[in-house]
Amino acid sequence: MNAPIFDSQACPIPLSDYPRVLLAHGGGGRLSRQLIERLFVSVFASPLADRGHDGAVLDSEFSRWAISTDTFVVQPLFFPGGDIGALAVNGTVNDVSMCGAAPRYLSTAFVIEEGFPMESLWRVALSMKRAADNAGVFIVTGDTKVVERGKGDGLFINTTGIGVVRPGVAISPRRAVPGDVIVLSGMIAEHGIAVMSVREGLSFASVIESDTRPLNALVAGMLDICPDIHVLRDPTRGGVSSALNEIATDANVGIQIDEALIPIREDVRGACEILGLDPLYVANEGVLLAILPEHDAQRVLDDMRSRKEARAARIIGRVVEQHPGTVVMRTAVGGNRVVDMLSGEQLPRIC
């Protein structure tokens, strides 16, 4: 009998370097990308699974659909400005939206640890319902599993979303071209700092809340003005830095950003300094990056700023021909700094 084909194939991840999975493999940075590209993409390879999105765009006879799935393991489950339930709905709504689609339906699956308080589960379910109503989507199916006490860390939630891609829209990280401008929709680093403040028992002069929110209405308005937006990305795990590095690598272009133009609250900046964190690497759950032709940028920006979820939107840089595959930032003191992809795990369990 012939041996199964996979028996003769070596694992594409260098076992001498990483014989076991590390927390950093789920952190949204360099090791996450290596794990996805070298192991999962190589095993599950298909034209639809290799487009650099957080979702896939599927063509049918009469329409195009986007599908995305995500699992949420945040600790603590409840934090300033949100909870794991709202995060699960908003996160998947946003991933579908970043494909240029209008989210329609979600499925959800719960992995619950034995002994988890029923009142907390009820709070999470109500939060998910409110978030779904706010985003205009329906939770239509799901699954529930219960694991033994001590085996599940309270509650994990998976959500999968599907939505319709409007005709003429072709969002892809590979479409970034020199001359495009880069728009950031709002203040950065709020979600990661909100979670860390509770986890570490820190208090600041003002309450820092998670920015978790749905972005589908914002994206729809942007596409109304500029159907030819080239790239959309929500900089969640790994923050703005990892998102821009992934785009620069996928499109083989250089990216130039300006530190003075990146919006961040002063209390969030101060908290990052206290914690020794770079805001560019801290997770966000309610902002997006858009890369689009310069001639459409101001009209798109004006519309974004008219909406409460993007009043701080601004152009933070542009796509350039120089230094392909690299993100360079002009610093506040006038120098240039290479902004590399996160190589380790900066903030585990933040989404």
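Numbers for residues simply follow the sequence, beginning at 1.
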Test Arg337 against Asp278 for salt bridge (charged side-chain N to carboxylate O under 4.0 Å, His left out), laying out the working first. CA-CA 13 Å; Arg337 164 195 159 196; Asp278 186 332; 2.5 Å; yes
Before you tell me yes or no, could you show the steps for Asp258 and Arg330 under salt bridge (charged side-chain N to carboxylate O under 4.0 Å, His left out), namely the whole-Å CA-CA distance, both residues' side-chain angles and the distance that decides it to 0.1 Å? CA-CA 5 Å; Asp258 190 328; Arg330 182 172 178 79; 5.1 Å; no
Which is it for Met304 and Ser185 under the side chain to side chain contact (heavy atoms under 4.5 Å, CB included) test, yes or no, and what are the steps along the way? CA-CA 7 Å; Met304 294 174 72; Ser185 70; 3.6 Å; yes
What verdict does the side-chain hydrogen bond (donor to acceptor under 3.5 Å, both in side chains) test give for Asp180 and His230, after you've listed the backbone C-alpha separation in whole Å, the side-chain angles of each residue and the deciding distance to 0.1 Å? CA-CA 9 Å; Asp180 283 351; His230 293 166; 2.6 Å; yes
Given side chain to side chain contact (heavy atoms under 4.5 Å, CB included), test Ile67 with Leu58 step by step and report yes or no. CA-CA 8 Å; Ile67 181 169; Leu58 312 175; 3.9 Å; yes
Derivation of the side chain to side chain contact (heavy atoms under 4.5 Å, CB included) call for Leu121 and Phe116: CA-CA 8 Å; Leu121 190 59; Phe116 187 73; 4.0 Å; yes
Under the side chain to side chain contact (heavy atoms under 4.5 Å, CB included) rule, what do Val282 and Ile188 come out as? Steps first, then yes or no, please. CA-CA 8 Å; Val282 177; Ile188 67 168; over 6 Å; no
Report the C-alpha separation of Arg269 and Asp267 in whole Å, then their side-chain angles, then the decisive distance to 0.1 Å, and conclude whether the salt bridge (charged side-chain N to carboxylate O under 4.0 Å, His left out) test is met. CA-CA 5 Å; Arg269 189 192 306 276; Asp267 53 353; over 6 Å; no
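For Ser241 (side chain) and Asp340 (main-chain N/O), a donor-acceptor pair under 3.5 Å exists by modelled atom type. Of the possible donor and acceptor atoms, none in the side chain of Ser97 sits under 3.5 Å from a partner among the backbone N and O of Leu215. At distances below 3.5 Å, at least one donor-acceptor pair connects side-chain atoms of Glu113 with backbone N or O atoms of Gly154. With Ser60 contributing its side chain and Arg64 its backbone, the two residues share no donor-acceptor pair below 3.5 Å. Checked by atom type and distance alone, the side chain of Gln75 pairs as donor or acceptor with a backbone atom of Asp153 at under 3.5 Å. Side chain of Asn284 to main chain of Ala189: a donor-acceptor pair is present (N/O by atom type, distance under 3.5 Å, no hydrogens or angles). Between the side chain of Gln256 and the backbone N or O of Gly317 there is no donor-acceptor pair closer than 3.5 Å. Formation of a donor-acceptor pair under 3.5 Å by the Arg174 side chain with backbone atoms of Ala251 is not found in this model. Using modelled atom types, one side-chain atom of Ser197 and one backbone atom of Ala194 make a donor-acceptor pair closer than 3.5 Å. The backbone N or O of Asp70 lies less than 3.5 Å from a partner atom in the side chain of Asn158, making a donor-acceptor pair.
With hydrophobic clusters built from ILVMFWY side chains whose heavy atoms lie under 4.5 angstrom apart, Val328 does not share a cluster with Ile262. Note on Ile350: it clusters hydrophobically with Ile274, by side-chain heavy-atom contacts below 4.5 Å among ILVMFWY residues. Under the 4.5 Å side-chain contact rule for hydrophobic residues, Met196 and Val207 do not share a cluster. Residue Leu280 is grouped with residue Leu244 when hydrophobic side chains (ILVMFWY) are merged at heavy-atom distances under 4.5 angstrom, including chains of intermediate members. Linking Ile, Leu, Val, Met, Phe, Trp and Tyr residues whenever their side-chain heavy atoms come within less than 4.5 Å places Met118 and Val124 in a single cluster.
In this structure, Ile182 and Ile315 have side chains that are not in contact, with every pair of non-hydrogen atoms separated by 4.5 Å or more. Between Ile157 and Thr159 the shortest side-chain heavy-atom distance falls below 4.5 Å. The closest side-chain heavy-atom distance from Ile229 to Leu223 is below 4.5 Å. Proximity of Val195 to Val74: side-chain heavy atoms (C-beta onward) are separated by under 4.5 Å at one or more points. Side-chain contact between Met187 and Val268 is absent, with no heavy atoms from C-beta onward closer than 4.5 Å. Inter-residue side-chain proximity for Ile257 and Leu184 is flagged as unmet; no heavy-atom pair is nearer than 4.5 Å. Side-chain contact between Thr160 and Leu106 is absent, with no heavy-atom pair separated by less than 4.5 Å. Looking at heavy atoms from C-beta onward, Met329 lies out of side-chain contact with Asn336 at the 4.5 angstrom threshold.
Distance check: Phe72 CZ to Asn90 CG gives 8.5 Å after rounding to the nearest 0.5 Å. The distance from the CG atom of Asp250 to the CD1 atom of Ile247 is 8.0 Å, given to the nearest 0.5 Å. Residue Ser242 holds its OG atom at 9.5 Å from CZ of Arg237, rounded to the nearest 0.5 Å.
Residues Arg305 and Gln298 share a closest heavy-atom pair of NH1-NE2, 4.5 Å. Annotation for Gly82 and Thr212: closest pair CA-CG2, 4.3 Å, computed over non-hydrogen atoms. Between Val300 and Cys226, the shortest heavy-atom contact is CG2-CB, 3.7 Å. Here the shortest heavy-atom pairing between Ile193 and Cys272 reads CD1-SG, 3.8 Å. In plain terms, the two heavy atoms of His191 and Ala283 that are nearest each other are CB-O, 3.7 Å. Residues Ala101 and Pro103 approach most closely at O-CD, 3.4 Å, considering heavy atoms.
For the residue pair Ser63/Trp65, the side-chain donor-acceptor check at 3.5 Å is satisfied.
Looking at residues two or more places apart in sequence or on another chain, you find a side-chain contact (heavy atoms from CB on, under 4.5 Å) between Ser306 and Asp303. Not counting sequence neighbours, the partners of Ser127 by the side-chain hydrogen bond (donor to acceptor under 3.5 Å, both in side chains) test are Asp83. For Val73, the side-chain contact (heavy atoms from CB on, under 4.5 Å) partners are Thr71, Phe156, Arg349, not counting sequence neighbours.
Between Asp211 and Lys308 no salt bridge is recorded (no basic side-chain N to carboxylate O distance below 4.0 Å). A salt bridge between Asp228 and Arg175 is present, with a side-chain N of the basic residue lying under 4.0 Å from a carboxylate O of the acidic one. Comment: Arg299 engages Asp296 in a salt bridge, judged by a side-chain N to carboxylate O separation of less than 4.0 angstrom. Under 4.0 Å is where a charged nitrogen must lie from a carboxylate oxygen, and between Glu246 and Arg233 at least one such pair does.
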Side-chain donor-acceptor distances from residues 128-135 under 3.5 Å, at least two apart:
residue : atom : partner : partner atom : Å
Lys129  : NZ   : Asp133  : OD1          : 3.1

Anything under 3.5 Å between a donor and an acceptor, one on a side chain of residues 286-294, the other on a protein residue two or more places apart or in another chain? List them.
residue : atom : partner : partner atom : Å
Glu294  : OE2  : Arg318  : NH2          : 3.3

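No more than 12 heavy atoms of other residues, nucleotides or ligands shown are found within 6.0 angstrom of CZ on Phe138.
Annotation: cation-pi pair Arg123/Phe78 present, NZ/CZ under 6.0 Å from the ring centroid and within 45° of its normal.
The salt bridge (charged side-chain N to carboxylate O under 4.0 Å, His left out) contacts involving residues 213-225 comprise Arg166-Asp224, where partners must be two or more places apart or lie in separate chains.
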